[in-house]
Structure formats: C-alpha cells, structure tokens
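Here the structure is laid out as structure tokens; the discussion comes afterwards.
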Amino acid sequence: MTGLIAFREIVLKVHSRCDLACDHCYVYEHADQSWRARPKVISPEVISHTASRLAEHARDHALPSVTVILHGGEPLLAGTARLRLVCEEFSRTLTGTADLDLRIHTNGLQLSTRYLDLFDEFGVRVGISLDGDRAANDRHRRFADGRTSHPLVLAAVALLRSEPYRHLYQGLLCTVDVANDPVAVLDALVELEPPRVDFLLPHATWETPPVRPDDAPDAYARWLLRIFDHWERLGRPVPVRLFESLLSTLRGGPSLTESLGLAPTDLVVVETDGTLEQVDSLKSAFEGAAATGFNVFDHAFDQVAAHPGVRARQLGLAGVSDSCRRCPVVRSCGGGLYTHRYRDRNGFDNPSVYCTDLRELVDGVEGRTALRESAPQLSDPAELARSQEELTRVLLARLHADLGAEPDWARAWELLAAVEQAGEAGADALDAVLDHPFTRTWVLAALDAAREGRQDGPEAARRLTALAVAAVLRGGLDLPAEVAYRDGEVYLPTLGLLRLGEPGTEGRAALHVTDEGYAVRDGRAEHRFGPAAGDARWQPVRTWSPGPDAAPVALEDLDPYRNCFPRPPRLRLGTGEAEEWRRRLDRAWALLHKAVPGFARAAAAGLTTLTPLAGGPRAGGWGEAGRHGPGALGVPYAAGVRETALALLTGRRRTRLRALTEVADLYALDGEWQHPSPWRERPVPVSRLLADVHERVAVEAYRRATAAAEPGGADRIHRALDRLSEAAELTVTGKRLVAELRYELKAVDA
C-alpha cells in the first residue's frame with residue numbers, strides 16, 4: 001500500500017438509465033456508450049461486495065470517514081427498496097470502522113416523501129441538478145419528447161427545503177451554457193436557498209471542443225465572471241464552490257473541487273455490474289477511457305489505486321503538461337479537469353481545452369478580490385503584532401495541553417490566570433512577559449521536546465513559574481510569587497537574573513513587591529532588589545533607547561533561551577562593554593536615519609530586544625534572525641558602526657518577513673519550482689528568492705546612500721522581482737508584498 005492513494009469517496013451507480021434526455025449528458029451522449037451493456041439496477045451482490053471492499057479499504061488505510069455518492073443514470077429509479085438495501089448494507093458494514101457520509105445526486109423528478117423519509121433515516125444528503133431559470137434549464141434538461149422538466153424540479157427542491165427535510169438539502173449543480181443569461185441563472189439558483197451551488201463546465205476535449213457561440217476563446221470565463229460579479233453584488237448569498245476554490249488557492253489554501261487545483265483525486269466509481277472505474281467524466285474522452293479492468297468481486301480498491309490511469313491523477317504538479325507547469329495560475333486551475341485535456345495524438349498531456357477561459361477566470365477573480373483577500377498583517381503593523389501575540393498564546397495553550405497535569409506546571413498556570421484577572425495592571429504585565437521574544441523560543445523548544453518524547457516537565461514548569469512571577473512583579477500585584485531556582489539562580493523574563501544560592505544548589509524562594517522595587521525572603525531575612533535597590537545578587541536586563549521618542553530596547557544578554565540564533569550569543573557584557581555597545585548602537589542608528597530614514601523607521605517599529613552575538617560581522621554584515629517571537633534581533637558585538645547599521649537594517653527585514661510568514665500565507669508548494677537567483681549559483685525555491693529580494697532592496701538603498709553601491713545591484717533586484725511576479729507559488733498576499741518591494745525599489749531608483 002506504500003505510496004497508494006486512499007479512496008475516500010466512491011460513486012455508486014445504483015441505476016444505469018435516466019428519465020430525462022439531457023443533450024449534454026456525458027453518460028449517454030458522449031464517446032463512451034458502455035452503459036448500454038450494463039444492468040439497469042445494481043444487484044444485492046454488488047452492493048454487499050462493494051460495502052465489504054470499502055470497509056476493508058477504510059481499515060487498511062485507517063480512514064476516519066468515507067463518502068458514498070448514490071448516482072446513475074438517475075438513482076431514484078432504483079426504487080426505495082433497493083436504496084434502503086444500499087443504506088443498510090453500507091451502514092452495517094462500516095460501523096466501527098469509519099464514519100459513513102451518504103449522499104445522492106438526482107435530477108429530482110422522482111423525489112417524494114417516501115424517498116426523503118428513507119434519506120432522513122440514514123442521513124442521506126441530496127444534491128439536485130438544475131441549470132437555472134426555466135429558459136436555461138429547458139435548453140438541455142428535457143424529457144425525450146421535448147417536454148420541460150423545470151416545474152417538477154422546482155417542486156422537488158421545494159419539498160427538500162421544507163420541514164422536516166431541510167437538513168438533507170446538500171445543494172444544486174448547474175452546468176454552464178454561455179447562451180444562458182448568467183444573472184438570471186444565479187438569481188434563479190439563489191432564490192432556492194441552496195447550501196451550496198456547483199457550476200460545472202460542460203465536458204469537452206480537444207477532439208470535441210466546447211460550443212462557443214461567438215468563437216471567443218474566453219467565452220466561458222466572461223460568463224462565469226459575470227456570475228462572480230453578480231454574486232459579489234448580492235453579498236455572496238450562497239457558497240459557490242468554484243469561486244470559493246479559486247479564492248482558497250489564491251490565498252494559498254487547497255482546491256475545493258476536482259475540476260481545479262493540484263490536489264490528487266481520491267474517488268473511484270462502481271458501476272451497476274460491480275465494475276470498478278476511474279472518474280466518470282472520462283467517458284467524454286473515448287470509449288473505455290474510464291475502464292480499469294477491475295471489479296468488486298475479484299479486486300480490492302488498492303488494486304484500482306495502483307492503476308496507471310489513477311496514478312497519473314495523483315501526481316499533482318508533475319501530472320500536468322509542461323506549458324501548464326510554467327503557467328503562473330497553475331496552482332489555482334491545476335491544468336483544468338483531467339478529462340478536458342484529452343487529445344487523440346498525445347492523450348492527456350495537454351492544457352485544458354478551457355485553458356484560455358481558466359487563465360482569464362483566475363486572473364479576473366484575483367484582480368477583483370486581491371485587496372480584500374490579502375492578509376491584513378502585510379499592510380497593518382498593529383494587526384501583525386496582534387497576530388504574533390495570539391500565536392504565542394496558542395502555542396503556550398498547546399504546551400499546557402501536554403503538561404497541564406504536572407503539579408508544578410498547574411500551580412504556575414493558576415498564577416498566570418490570577419495575574420490576567422488582576423485588572424489592567426495584571427493584563428499589561430502578562431502581555432509584557434508573554435510577548436518577550438524568547439518566551440516563544442522556550443515554548444517551541446518545549447513543544448519539540450514533547451513531540452520527540454524527551455519532555456522535561458520540571459524545566460518547563462520552572463520557566464512558566466518564572467514568567468508568572470515576573471508578571472506579578474511587573475504589575476505590582478499582591479499575589480503569592482514563589483520561584484524555583486536551579487544552580488543557585490533564576491532568570492525572571494524581561495527583568496533580570498537573581499542569584500539565590502551557591503552554584504549547584506536548588507530550592508524555592510518567595511518574592512514580593514515593595515515600595516522601592518522587589519524583595520526576596522531568605523529564611524527570616526529579606527533582601528531587596530530591583531530598579532531602586534542595589535544588590536550584588538541581582539543582574540537587571542539593561543536597556544538602550546534608539547531615540548528620544550522611541551521605547552527602550554532590552555539588551556538581552558541574560559535569558560538562557562537567547563541561544564536561538566545561527567551563531568552563539570555573548571556571555572553577560574561587562575559594564576564597560578555594555579556602555580561601549582550602546583554608543584556603537586547610537587552611532588549606527590544615527591547613520592541609518594541619515595542614510596535611509598524610511599527604512600530606519602520601519603526597522604525601529606516593533607524592535608524590543610537586541611542580543612549581542614559572539615564574533616564579528618559576516619560577509620555583508622547581515623543581522624541574525626533566530627527562532628523567537630517578533631521584536632528580537634541578534635547583532636555581532638564586535639561589528640563596527642557601519643556593519644552594525646547594516647546588521648540592524650537587514651536583521652529587521654529578516655524578522656519582519658519571518659513574522660509575516662508565521663501568520664500569513666505568502667506562498668504555497670514552496671520547493672515545487674526552482675528559480676534562478678542573481679545572487680546564487682543554483683536555482684532556489686520561491687521562499688529563498690523572496691527573502692533575498694526583501695533584504696536586498698533595503699541593502700541597495702543603504703549602499704547607495706553611503707556611496708557603497710555595487711554595480712548592477714538594482715538590475716539584479718529587478719530581474720528577481722520579474723521572476724517572482726510570474727511565480728505560481730505566490731498567494732495574493734505574496735504578490736502584494738512583491739508589488740510593495742517594487743515600489744520601494746522604485747523609490748530607491750528615484
């Protein structure tokens with residue numbers, strides 16, 4: 001079973017004939033006419049064997065749920081007795097193995113209360129085919145003698161919408177015809193209040209292309225975009241799967257329909273005689289296109305999964321044509337429905353026969369929605385900060401789920417809760433310690449340890465206790481604050497390091513707030529420490545101010561979790577070293593504000609913590625972004641003023657991009673494509689190219705302003721931006737970031 005797709009959905013043909021004569025039906029009107037040789041009604045033996053095969057498949061692949069879609073022809077022609085047998089057999093066989101999601105797709109003509117009572121008993125959800133208003137529906141969906149089916153379908157939908165059956169209403173399926181009025185079609189469908197609408201392109205191939213009344217290669221895109229615009233004007237009154245799939249992929253999410261996107265298919269078809277086939281739409285390509293040679297009596301579903309035709313539709317990006325792989329919208333359109341790619345001379349190795357339509361449709365939806373659909377964190381620093389704060393709290397809650405049963409952790413968690421409930425002062429103090437960048441470092445390390453089975457509960461509890469006590473002290477709260485120390489000391493995040501015993505000793509000590517600062521009780525003696533109390537056992541976190549109006553930045557050389565950068569941090573700086581570093585930072589910051597004031601202001605925004613790193617500057621003088629929360633930056637302590645300025649600039653650019661990627665999707669399928677980079681010998685994934693450009697724009701501005709520009713630097717950035725503009729991986733947010741970088745570079749060029 002290694003590498004085989006698991007079928008999570010089967011289409012069960014319960015009846016092979018239909019009571020309508022729709023002229024666009026792929027079953028009866030297209031290339032494959034195998035329905036003529038099949039039994040009209042599925043037999044009890046086929047039902048039983050199919051249910052057993054599905055249960056076997058679900059067990060082998062540990063599937064939590066499976067979907068069975070009752071189909072035809074027209075499935076209601078099978079009658080209530082045979083449909084009851086299907087529901088009973090599948091329910092019985094799947095019980096205890098996987099949850100069963102039963103659905104039926106029907107034209108609705110036979111729908112009545114006796115069917116709906118049966119479906120209510122087994123939770124069978126009902127989807128109905130309807131092409132819009134009467135004029136649209138009658139264009140194709142008629143009886144063999146030409147009579148309209150529209151009133152009967154409306155009656156079926158009305159019955160399905162009524163109590164007690166409304167909960168079974170799954171939605172409406174509409175086949176597109178560009179001769180219909182798109183506004184009238186959508187209005188007619190919306191009026192029926194469906195839980196979902198599916199718009200389907202009529203099945204066609206390069207050998208039997210779709211009807212184009214005006215010979216326009218984008219006729220279907222223009223029709224669907226008129227639907228989209230009307231859907232938007234109405235306030236998106238019902239979900240439309242085609243549009244929601246496009247919006248999902250444009251944001252970096254998955255496709256929501258088989259007809260679009262690169263997700264592998266997980267569907268198999270069972271005909272009325274027990275034959276196992278590929279997806280039904282292949283019947284439009286050629287006689288036998290859907291055949292596998294397997295059946296439910298002799299073959300397991302895994303054998304179907306290994307069939308070359310099925311495997312070809314599991315390849316994602318590798319399964320589309322070469323021209324599709326080079327197309328910037330392939331992540332959204334996925335090369336189109338597999339059937340629509342067929343051509344006699346080379347099979348399915350082609351773009352969709354709707355290629356032009358799909359490109360225009362994707363671009364049209366993106367152009368109409370990019371501003372709204374982009375992540376707000378990109379343009380709103382406050383929203384980015386809020387998202388990052390929420391991320392730390394989510395990660396901490398996940399760690400609590402792992403460690404909450406340990407007594408020391410539980411006590412610390414209770415203290416955190418008490419701080420949060422202690423009014424505004426408590427909430428502000430808690431925010432300060434949780435937003436300390438190295439709180440994130442600790443949480444991530446603890447989660448890694450738990451995932452890898454090397455969980456150190458006592459160490460995690462000590463850090464959480466220290467966080468809670470630091471919040472108590474910062475908030476000036478009258479709450480019990482007892483810390484556990486190890487090796488004679490405890491670090492209180494954002495405040496400093498307190499030595500409580502000799503090296504190698506462990507213990508607990510009670511801390512509290514005083515008028516002058518803080519105090520620790522040791523036996524009967526009380527030792528004061530903090531901002532206004534000198535105590536050799538207390539090493540406070542030093543600060544540095546980037547300017548008269550800027551918030552102070554912590555010079556963090558104490559936190560044990562500051563060791564999260566690509567190079568090691570310096571040990572605690574001496575008093576003279578700290579003063580010298582402050583002076584160097586002052587001069588570097590002044591240089592930045594003189595050379596690139598806009599970039600300097602952006603670099604200052606959100607900077608809370610600087611950590612001195614060992615060694616001098618690396619080539620280029622880049623600053624270091626580590627595995628921590630936003631606001632922290634590592635800077636080589638031994639760097640000169642110019643190198644320090646460049647490190648501050650580039651490091652903040654790195655941390656901003658990292659923070660964005662943590663809370664917003666800038667790209668998807670990173671690594672599926674490799675892109676040439678002007679700065680690297682080998683092609684790189686889109687994430688690397690974007691990171692390079694994001695830094696280089698600021699570097700180019702700084703070097704020009706300091707008369708140190710490299711020849712051709714801007715040209716290289718322009719080439720990289722051009723490449724990014726055509727990258728299929730970028731989401732709407734990623735594309736807006738690229739546009740922002742172009743604007744920045746344009747300002748530099750000017």
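In this chain, residues are counted from 1 in sequence order. Heavy atoms only: backbone and side chains are in, while hydrogens, waters and symmetry mates are out.
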Please determine if Arg241 and Glu244 form a salt bridge, counting it only when a charged side-chain N lies under 4.0 Å from a carboxylate O.
no
Just by distance, no angles: are the side chains of Ser248 and Ser245 close enough, under 3.5 Å, to form a donor-acceptor pair?
no
Could you tell me which residues satisfy ring-ring contact (aromatic ring centres under 6.0 Å, His included) with Phe297, sequence neighbours excluded, listed by chain and number?
His49
First locate atom OG1 of Thr97, then atom CG of Asp60, and finally report the distance between them rounded to the nearest 0.5 Å.
10.5 Å
Measure the spacing between NE2 of His57 and CG of Asp302 and express it to the nearest 0.5 Å.
5.5 Å
To the nearest 0.5 angstrom, please state how far the CZ atom of Arg212 sits from the CG atom of Asp218.
8.0 Å
If you round to the nearest 0.5 Å, how far is OG of Ser255 from CG of Leu262?
8.5 Å
Looking at Arg251 and Asp665, what are the two nearest heavy atoms and their distance?
O-CB, 3.3 Å
For Asn295 and Asp298, which I'm curious about, is there any donor-acceptor pair between the side chains at under 3.5 Å?
yes
Answer yes if the side chains of Asp131 and His140 hold a donor-acceptor pair under 3.5 Å, and no otherwise.
no
Side chain proximity check, Thr265 to Gln314, heavy atoms < 4.5 angstrom:
yes
With a 3.5 Å distance limit and no angle check, can you tell me whether Arg331 reaches the backbone of Leu730 through a side-chain donor-acceptor pair?
yes
Arg38-Ser16 side chain donor-acceptor pair, cut-off 3.5 Å:
no
With under 30° as parallel and over 60° as perpendicular, where do the rings of His307 and Phe294 fit, or are they tilted in between?
perpendicular
I'd like to check the side chain to side chain contact (heavy atoms under 4.5 Å, CB included) partners of Asp349; sequence neighbours left out, ordered by chain and number.
Ser321, Asn346
Could you tell me whether Glu121 and Arg84 make a salt bridge, using a distance below 4.0 angstrom between a side-chain N and a carboxylate O?
yes
Residue pair Asp101, Arg125: steps toward the salt bridge (Lys or Arg N to Asp or Glu O under 4.0 Å) verdict
CA-CA 8 Å; Asp101 178 6; Arg125 292 187 290 164; 3.1 Å; yes
Angle between ring planes, Trp231 versus Phe243, binned at 30° and 60°: parallel, tilted or perpendicular?
tilted
Does the distance from a Lys or Arg side-chain N to an Asp or Glu carboxylate O, for Asp722 and Arg719, drop under 4.0 Å?
no
Heavy atoms of other groups near Arg372 CZ, more than 12 under 6.0 Å
yes
Between Glu277 and Lys13, does any NZ, NE, NH1 or NH2 come within less than 4.0 Å of an OD or OE carboxylate oxygen?
no
With no hydrogens and no angle check, is any side-chain donor or acceptor of Asp357 less than 3.5 Å from a backbone partner on Ala219?
yes
Relative to each other, are the rings of Trp223 and Phe199 parallel, tilted or perpendicular (30° and 60° limits)?
perpendicular
Of all heavy-atom pairs between Ala51 and Thr93, which one has the smallest distance, and what is that distance?
O-CG2, 3.4 Å
